[in-house]
2 protein chains.
Amino acid sequence: MSAPPSAETIASELTEAVHEHRILPGMKLSEDEVGEIFNVGRTVVRQALRTLQHSGLLSIERNRGAFVAKPTVKEAREVFEARALLEPRTARAAAERVTPEDIALLERHIVEEHAALDAEEAGRALKLSGLFHIEIARIADQATVEAFIRQLVSRSSLVIALYWRRRNAMCESHAHHALLDALRRHDGEMAEDLMKGHLLDLVSQLDLREHPAQAPSLREALAR
Amino acid sequence: MSAPPSAETIASELTEAVHEHRILPGMKLSEDEVGEIFNVGRTVVRQALRTLQHSGLLSIERNRGAFVAKPTVKEAREVFEARALLEPRTARAAAERVTPEDIALLERHIVEEHAALDAEEAGRALKLSGLFHIEIARIADQATVEAFIRQLVSRSSLVIALYWRRRNAMCESHAHHALLDALRRHDGEMAEDLMKGHLLDLVSQLDLREHPAQAPSLREALAR
DNA sequence: GGCGTCAAGATTGTGTACAATATTTGCACT
DNA sequence: AGTGCAAATATTGTACACAATCTTGACGCC
């Protein structure tokens, strides 16, 4: 209905849905189906799906279709190892460049995140939590690194959907608050350490043992 | 001619051409032209171009076409800052996991790189030089980081095309040799330091002052 | 009844025609 | 001659038709 959205719009909407866990790993995204939802032809849908594939959210299998990626345990570890390489130093750089406007924006982010948690909207809280990390990269004025972190945050959403231990609470709000304090004081060293610890915390809350659930296909699950 | 190549094949060929400086920043890649060269329809070409866009090699302007990206000075710095975050630690990890087969492969790489330099094939030498860095990420068994480094190496080729000081020699072969030695001895610490220094060396050989040459369009070059 | 083969259906892959838009060229007018 | 507008050209954006491939269900055979 109304104006036909562009491929970028569709890609954004789908990405946001993944961030909010409204779209879960393994789900199939049929071209016709997505096209009907957004009132566009398959050509535009295919562009959007390819975009999401390149950012690692979809796995497109030839003549089979596009499926939301199901990161293996190894990939899950790799995502957080990559984040551990990029984000702490980026947080340090952000602490040195952060402006009062940035601080205010991050404060609003945290408030909204808390509000979402109180409203039991875990998906929205998760999305906002990811945006917090992306904002830090933006503040550091490192567009290239920011693009990488965007990808990693997106893929982290998939990892969390698959491997998160406790569904009830996401008790990481304290970490973001502490980071914000360090940024406010332009304490780069502290920001770097906090980010490093925060990421380690996140990984420690995942269950990254080799589950059966991660079998990519039924064939492998039942093979012996 | 003969068998029609897939979109991935075309993307690889174009990427390789960029690595070898056969395709230079600013060049326009017309869909029809590329399609005729590879004997495929525009549909497949567009897929390949989108892929290259997502890896940062092309900038696609709506209703204008696809142009090989011309990184600004800022982007050039960002690329090497990102590499400085990712590659040293990755080299350390590689030193801990490297196998004799990997060592042999890297040795061949270096030999070929020297041969290319002797044969005055600067483009081929540059491509092999980039592959050396990618191989190290592969050896580290970090597929996610490897994908990022691939992007960064590609974009580095564009940066070098635009900002390299001396066209004659690429006197970095020593650095790769030293890195290989560290890997052979499983000396992670040394490998990390060498990689860090190597990347700093590379940046120092660039002319990243704000030249006029970086004007994206004639319009800007002559605007006053 | 179990199993293999094959046909029907559905979904994606690709080429192409047409529409939309940008660029260039020519022309009229000042 | 210079400038502004308009038509012509060329290139990309989108939709659609057809081909290729996979999945599913049915039928016949053992």
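Residue numbers start from 1 in every chain, and the chains themselves are labelled A, B, ... in the order their sequence lines are given, proteins ahead of strands.
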J.: What does the B/S/- profile of nucleotides 7-21 of chain C look like, 5' to 3', with a 4.0 Å heavy-atom cutoff to protein?
T.: ----SBBBBB----S

J.: List the residues meeting side-chain contact (heavy atoms from CB on, under 4.5 Å) with E101(A), not counting sequence neighbours, and say none if there are none.
T.: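 Listed in chain order: T99(A).
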
J.: I'd like to check the side-chain contact (heavy atoms from CB on, under 4.5 Å) partners of A93(A); sequence neighbours left out, ordered by chain and number.
T.: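 With sequence neighbours excluded, A93(A) shows a side-chain contact (heavy atoms from CB on, under 4.5 Å) to A140(A), given in chain and number order.
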
J.: Considering residues at least two apart in sequence or located in another chain, which fulfil the side-chain contact (heavy atoms from CB on, under 4.5 Å) criterion with S30(B)?
T.: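 Result, side-chain contact (heavy atoms from CB on, under 4.5 Å) vs S30(B): D32(B), E33(B).
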
J.: Show me the pairs that pass salt bridge (charged side-chain N to carboxylate O under 4.0 Å, His left out) and involve residues 125-137 of chain B, at least two apart or across chains.
T.: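 Residue pairs with at least one partner in residues 125-137 of chain B: E16(B)-K127(B), E20(B)-K127(B), E135(B)-R138(B).
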
J.: Run the side-chain hydrogen bond (donor to acceptor under 3.5 Å, both in side chains) test against R155(A) and tell me which residues pass, sequence neighbours left out.
T.: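 Partners of R155(A) under the side-chain hydrogen bond (donor to acceptor under 3.5 Å, both in side chains) test: none.
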
